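Quick caveat, the model's predicted, so the values are computed rather than measured.
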Amino acid sequence: MINLTINGKNVTARDGATILEAARENGIYIPTLCYDEAVEVYGACGLCVVEAEGIPKLLRACSAKVSEGMVVNTESERVIQSRKIALELLMSAHDGDCVAPCQLNCPARTDCQGYVGLIANGEFDAALKLIKNKISLPASIGRVCPHPCEKGCRRANVDEPINIAQLKAFAADIDLNSESYVPDCKADTGKKVAIIGGGPAGLSAAFYLRQLGHSVTIYDMMDKMGGMLRYGIPQYRLPKEVLDKEIAIIEKTGVKMVNGKKLGVDFTIKSLKDENDAVIVAVGAWKSSSMRTPGEELEGVYGGIDFLRGVIQGNPVNIGKKVAICGGGNTAMDACRTAVRLGAEEVYVVYRRTRAEMPADKLEIDEAEEEGVIYKFLTNPLSFNGENGKVNSITLQIMELGEPDASGRRRPVPVEGKTEEIAVDSVIMAIGQKLVTEDVKELELTDRGNILADEDTFGTNIDGVFAIGDATNKGASIAIEAIGEADRCVKIVDAYLNGEDYETRVPYISKRDESTIDYSDREKADRLTAKVLPADVRNKNFDEVSLGLTEDEAKAEANRCLECGCREYYKCKLLNVAQRYDISPERFAGEMPQKYTHDENAFIERNTAKCILCGLCVRSCREVMDIHAIGLLGRGFTTDVSPAFSLPLDKTNCTDCGLCVNLCPTGALTEKANLDKQVPLNEQYSSETINIDGKEAKVLVSRYNGKLLRVIPNDELSRNANLTREELFKKVSE
């Protein structure tokens, strides 16, 4: 045995072993993408380099042999820099999406592609569980979310985006209408967390903290939990019965909910911190923003959030017959459509840009117009005019679009001397909302009057007190943003409670160059949306407008998904190594050496653009299987892994053994989707010995859930024995 030191640890290794073998046998990690025990050493990836005392150059651990007294460092600064460069070069030529754009666009990082795919396959329960990994209130969010995920959906380059939001609601509704899924919770940790605010942020934080075993109590000032989902969104969009069912599921996990208790009146942040191990402030933004327009103080001028809350609580203000709503977001849409339902005969939406620039969801804009709402585009209130203290008209400044502003939208500029006046009985200002600062005077605030919370850790100026949601930093946003913050905050709080550090570094992922994607082979298919109540029916009541997707519609819509994200994401060795280091492949950006092309047979999909030329597939096909179905074609930058003469796999002598798929460190070779579940490709091969005519022969064996799936000859005797598949199976079973 050889004695050596690796990373300061004294270890032994057999004489003739490589540094990589010595490290692995002693539980020391060295990355490699081109090495496997089944094939000869190749040394292609350059990631296994290590530094050895007395040797000036870096050594490749997969081939360098150990020697007596050797001192090896596998993580020196020089080694790490070398690996980073190697990874950047590999990634600069790797044209693939680790994660679908829809998931990247979702503030909660929901696995949209995953649950859409499960719905397409009719696996609704599994879809719901996957959604609930990130979204605690999917039936509610599926109804009200402005779905930024769909803005990233590449299906829009073919026809229209996938209807992701309604698919989410579909899966959640099935769950609510049956024996609802309640996730398991870990054993109690003895740690207590208080959450102030029972809106989407607070409820989500409680839901996920409870699953980690912590004791959680939510305190909320209103009569019921739900926050703006309950008190800011009309019944016709989000029936409160749906919200109640989802909150009840959260309560079943063991979350304690205390209503009618207000911060600053019934308790303070400090008093809760004294009684708990951590506090999360998620109080939301309950104050309507001012427009700073002359006449705001007049009777009949209301804030959008105040107006909606009054209607939901059963105390609507008297808006009269002519109503103007100022704003172009979803709150403005909620306000104008609510005004219609309250009986207003003329409802105007005053917006300073055009229809194309409105931030509100297009569906909301269209449905409001169907219900009779009148849009006054390119107008901006100059003043609210009144008589005897009561508003009776608005003077509007006529606008035109100028140069783009910081948001990329063209800036509205006044047309000098051009105005318009419209008679109104009331005005609803729906331009935003903000924090009630008096409630959180114990915490440090930003210049904008929001809670100052660390962007990465959500920590405030008080140790153990965290803040999330609409009350923090940039202010009010969409509910899914608050839910995403809650999910990330829970991980930080859990680490805090356990006395641990939490890595907030954003891990690297690969993204395709959008400009290189060819959609010409995709068949167009109309987007399916849920049927809605007729406009002349729905504008007279607060019944839910959407009738939801049917099972057939949901499956058909889900099947439109292009499956952009890589199916190998969770077991991709390339990504696993890349995420260990801060890399910048873009500094080596250039023309991709291989085109994004698919080649497949009955079992295997091959995508050369994801290939990193590690050679494992070529070598295993040649050295283990003695088949030579694929090889390296070309030289230098244009080298490609391909069958001889660039034939498709079906035209080669490939036996579909799946060994190349098993060894591939990227998604370049994958099991074909939708295979018969009785014959999937292997999850893992193990080497076994069988008896053939009294002699020992070696085979590679694949099992799945205990069932024998594949037997692959692995030496000359087993390959030349001319045994059938059934005979090989029988010998292995024996």
[X] side chain near [Y] side chain, heavy-atom distance below 4.5 Å:
X    : Y    : result
V347 : V340 : yes
L212 : T189 : no
V193 : N276 : no
Y302 : V317 : yes
C326 : M291 : yes
W286 : Q433 : no
M221 : L263 : no
F466 : V493 : yes

Of the non-hydrogen atoms in [X] and [Y], which two are nearest, and what is the gap between them?
X    : Y    : result
M222 : Y231 : CB-CE1, 3.5 Å
A206 : I218 : CB-CD1, 3.6 Å
A282 : A201 : CB-CB, 4.0 Å
V323 : I325 : CG1-CD1, 3.8 Å

Is [X] salt-bridged to [Y], cutoff N-O under 4.0 Å?
X    : Y    : value
R309 : D306 : yes
K491 : D487 : yes
R538 : E544 : no
E442 : K270 : no
K362 : E367 : no
R337 : E364 : yes
R341 : D543 : no
K186 : D494 : no
R488 : D456 : no
D175 : K245 : no
K287 : E438 : no
D244 : R230 : yes

With a sphere of 6.0 Å drawn around [atom1] of [X], does it hold more than 12 non-hydrogen atoms of other residues, nucleotides or ligands?
X    : atom1 : answer
K261 : NZ    : no
D501 : CG    : no
K151 : NZ    : yes
K256 : NZ    : no
N541 : CG    : yes
K555 : NZ    : yes
R352 : CZ    : no
K224 : NZ    : no

[atom1] of [X] to [atom2] of [Y]: how many Å apart, nearest 0.5 Å?
X    : Y    : atom1 : atom2 : result
I164 : L167 : CD1   : CG    : 8.0 Å
I135 : I141 : CD1   : CD1   : 6.5 Å
C489 : I280 : SG    : CD1   : 4.0 Å
T472 : L443 : OG1   : CG    : 11.0 Å
F207 : I247 : CZ    : CD1   : 12.5 Å
I195 : T217 : CD1   : OG1   : 8.5 Å

Item checked: Pair D277-H214, side chain to side chain donor-acceptor pair (under 3.5 Å): steps then yes or no -> CA-CA 10 Å; D277 298 290; H214 305 307; over 6 Å; no
Using the ring of each side chain (for Trp, its six-membered ring), is [X] parallel, tilted or perpendicular to [Y], with breaks at 30° and 60°?
X    : Y    : value
F377 : Y351 : perpendicular
F267 : Y219 : tilted
Y236 : F542 : tilted

Checklist line | E246 vs S140, side chain to side chain donor-acceptor pair (under 3.5 Å): CA-CA, chis, key distance, verdict | finding: CA-CA 8 Å; E246 295 206 295; S140 300; 2.8 Å; yes
Next item on the list: Would you check, one step at a time, whether the test side-chain contact (heavy atoms from CB on, under 4.5 Å) holds for L128 with K132?
Entry: CA-CA 6 Å; L128 183 278; K132 282 218 165 182; 4.1 Å; yes
Margin query: Are Y496 and Y502 an aromatic pair, judged by ring center distance below 6.0 Å?
Written below: no
Next item on the list: Applying side chain to side chain contact (heavy atoms under 4.5 Å, CB included) between R210 and each of I250, D188, V490, report the one that passes.
Entry: D188
Notebook entry, point to check: Which residue, C149, C102, C153, forms the side chain to side chain contact (heavy atoms under 4.5 Å, CB included) with P161?
Noted result: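 Output: one option passes, namely C153.
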Margin query: I'd like to know whether R355 forms a side-chain contact (heavy atoms from CB on, under 4.5 Å) with I365, so could you lay out the CA-CA distance, the side-chain angles of the two residues, the decisive distance to 0.1 Å, and finally the verdict.
Written below: CA-CA 9 Å; R355 189 189 197 102; I365 298 169; 3.7 Å; yes
Next item on the list: Mind running side chain to side chain donor-acceptor pair (under 3.5 Å) on S290 and E296 for me, showing each step along the way?
Entry: CA-CA 8 Å; S290 168; E296 278 189 26; 2.9 Å; yes
